[in-house]
Amino acid sequence: MRIRIVDAFTDRPFSGNPAGVLLLPGADAFPDDTWLQNVALEVNHAETAFAHPLPGGGEADWALRWFTPAAEVAMCGHATLATAHVLHTTGAHTGPVRFATRSGVLVATPAADGSVTLDFPTAPLTRADPPRGLAEALGAEPLTVLDTGPNIGDLLVEVADEKTVHALRPDLRALAAHSERGVIATARAEDPARGYDFVSRCFFPNVGIDEDPVTGSAHTALAPFWSERLGRPGLTGLQASPRSGRVRTELRGDRTLLTGTAVTVIEGDLLP
């Protein structure tokens, strides 16, 4: 089987968020979960995506699952973008592709410029009281705290400004106690003329990811939060990890469109 490493939400290698992508033969079922988890651990990126084709005539074209080195997750944006990129660049699928996932059917639509737009469910945001110890664990005082719902399982935490987001050095062990997956820290862009409207960083210690480089799923929560604040459905977010990347978002009620590009950087054979 061919396995690829794809940098997602970027237009150049060695930036954005790397994901492993493995297109499995046949349309029957996924291999054993232990094998899938071991492959993801061996790849050792934030996510590895596994996809296999489905019989024609159904509601989806491919079945898709995502694993971190430590656990399976319910939703992953960058590995979905990476999988769509592989399908389209290899000719394994043309046009919009419908993925059957744990989060329902997700559609990825390619554009002539090489970008891919993902149609994901908008995260249901619920205002929450800051948990005791959150400020100390994150290393910044929360201005607003919201629960992002079951598909994501994060706390969305607004902090004072963009400089605060860049400067965060959280206590990851302490941070793990405050949510199912992790914490999304965000602030309004200091200067929108730089080409982005808000900034974020994502820390997911509970699934074995200290800091995720660029997180598509987090932007299904960031999009409704910032669209309400800024009064516009279409925005661009900068995820300010060391690798960094940008996600274009468009809020459409209970759906959020996430647009980005991807680059394949490694391709090889997965040996038995």
Side-chain angles (χ1 to χ4, degrees), residues 6 8-9 17 19-24 26-41 43 45-55 58-87 93 96-109 116-126 147-156 179-184 202 204-209 212 214-224 247 249 252-258 260 262:
V6 178
F9 290 115
N17 201 351
V21 177
L22 189 63
L23 302 183
L24 301 163
D28 297 328
F30 286 100
D32 179 80
D33 284 7
T34 300
W35 184 86
L36 296 172
Q37 188 64 72
N38 283 336
V39 172
L41 179 60
V43 172
H45 283 311
E47 308 283 349
T48 297
F50 301 90
H52 71 75
L54 294 171
E59 66 174 2
D61 308 301
W62 289 74
L64 177 63
R65 295 171 70 181
W66 312 278
F67 286 77
T68 77
E72 184 174 8
V73 297
M75 182 188 293
C76 179
H78 87 276
T80 304
L81 174 60
T83 304
H85 169 79
V86 170
L87 288 172
H93 190 92
V97 54
R98 302 166 299 166
F99 293 113
T101 78
R102 287 175 58 183
S103 297
V105 175
L106 307 176
V107 180
T109 303
V116 175
T117 295
L118 309 177
D119 183 339
F120 271 39
T122 301
L125 301 181
T126 305
D147 184 271
T148 61
N151 281 342
I152 301 179
D154 297 329
L155 286 182
L156 176 62
S179 66
E180 181 181 344
R181 182 175 73 164
V183 170
I184 307 164
C202 294
F204 302 143
N206 286 330
V207 291
I209 305 168
D212 199 33
V214 192
T215 314
S217 60
H219 283 76
T220 67
L222 291 161
V247 183
T249 68
R252 294 189 176 179
D254 64 353
R255 308 297 296 183
T256 295
L257 303 185
L258 310 172

Trainee: For a 4.5 angstrom cut-off between non-hydrogen side-chain atoms, does T220 reach P121?
Mentor: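 No, side chains not in contact.
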Trainee: Kindly compute the distance separating NE2 (H52) from CG (L64), expressed to the nearest 0.5 Å.
Mentor: 10.0 Å
Trainee: Where is the tightest heavy-atom contact between V6 and A262, given as atom of each residue plus distance?
Mentor: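 The pair with the smallest heavy-atom distance is CG1-CB, 3.7 Å.
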Trainee: Would you list the pairs meeting side-chain hydrogen bond (donor to acceptor under 3.5 Å, both in side chains) in which at least one residue belongs to residues 63-75, sequence neighbours left out?
Mentor: D33-R65, R65-E72, W66-T80
Trainee: Here's a test for you: under side-chain contact (heavy atoms from CB on, under 4.5 Å), which of V247, L81, V116 qualifies with L258?
Mentor: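 Result for side-chain contact (heavy atoms from CB on, under 4.5 Å) with L258: V247.
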Trainee: When rounded to the nearest 0.5 angstrom, what is the spacing between CG in L257 and CZ in R252?
Mentor: 4.5 Å
Trainee: Can a side-chain donor-acceptor contact be found between T109 and T117 if the only test is distance below 3.5 angstrom?
Mentor: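 Looking only at side-chain atoms, T109 and T117 do not form any donor-acceptor pair under 3.5 Å.
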Trainee: Which heavy atom in P96 sits nearest to a heavy atom in D61, and how many Å separate them?
Mentor: O-OD2, 4.1 Å
Trainee: So F204 and V73, do their side chains get closer than 4.5 Å, heavy atoms only?
Mentor: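 Counting from C-beta outward, V73 and F204 never come under 4.5 Å.
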Trainee: Measure across A19 and A82 and return the closest heavy-atom pair with its distance rounded to 0.1 Å.
Mentor: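 Taking A19 first and A82 second, the nearest heavy atoms are CB-CB, 4.1 Å.
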Trainee: Ignoring hydrogens and angles, tell me if any N or O in the side chain of T256 forms a donor-acceptor pair with the backbone of F120 under 3.5 Å.
Mentor: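 Not a single qualifying donor-acceptor pair exists.
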Trainee: For residues N151 and M75, determine if any side-chain heavy atom of one lies less than 4.5 Å from a side-chain heavy atom of the other.
Mentor: yes
Trainee: Checking the side chain of D147 only, and the main-chain atoms of T126 only, is there a donor and an acceptor separated by less than 3.5 Å?
Mentor: no
Trainee: Do you know the tightest heavy-atom contact between F50 and F30?
Mentor: O-CE2, 3.4 Å
Trainee: Kindly give the heavy-atom pair with the smallest separation between A40 and T48, and that separation in Å.
Mentor: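 Closest approach of A40 to T48: CA-OG1, 3.7 Å.
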Trainee: Taking C-beta and beyond as the side chain, do T148 and L125 meet within less than 4.5 Å on heavy atoms?
Mentor: yes
Trainee: Just to verify, which of S217, C76, P69 counts as forming a side-chain contact (heavy atoms from CB on, under 4.5 Å) with E47?
Mentor: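 Only match with E47 under side-chain contact (heavy atoms from CB on, under 4.5 Å): C76.
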Trainee: I need the I184 CD1 to I152 CD1 distance, nearest 0.5 Å.
Mentor: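 Answer rounded to 0.5 Å: 5.5 Å.
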Trainee: Hey, is the main chain of G182 close enough, under 3.5 Å, to the side chain of N206 for a donor-acceptor pair?
Mentor: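 Looks like no, no N/O pair under 3.5 Å.
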Trainee: Tell me every residue that passes salt bridge (Lys or Arg N to Asp or Glu O under 4.0 Å) with D154, counting only those two or more places apart in sequence or in another chain.
Mentor: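 So D154 forms a salt bridge (Lys or Arg N to Asp or Glu O under 4.0 Å) with R181.
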Trainee: Mind running side chain to side chain contact (heavy atoms under 4.5 Å, CB included) on V214 and H78 for me, showing each step along the way?
Mentor: CA-CA 7 Å; V214 192; H78 87 276; 5.6 Å; no
Trainee: Answer yes or no: is there a side-chain heavy-atom contact under 4.5 Å between T249 and L222?
Mentor: no
Trainee: Under the rule for salt bridge (Lys or Arg N to Asp or Glu O under 4.0 Å), what residues qualify as partners of D119, not counting sequence neighbours?
Mentor: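 Per chain and number, D119 pairs via salt bridge (Lys or Arg N to Asp or Glu O under 4.0 Å) with R255.
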Trainee: Please tell me if the side chains of W62 and T83 come closer than 4.5 Å, counting only heavy atoms from C-beta onward.
Mentor: no
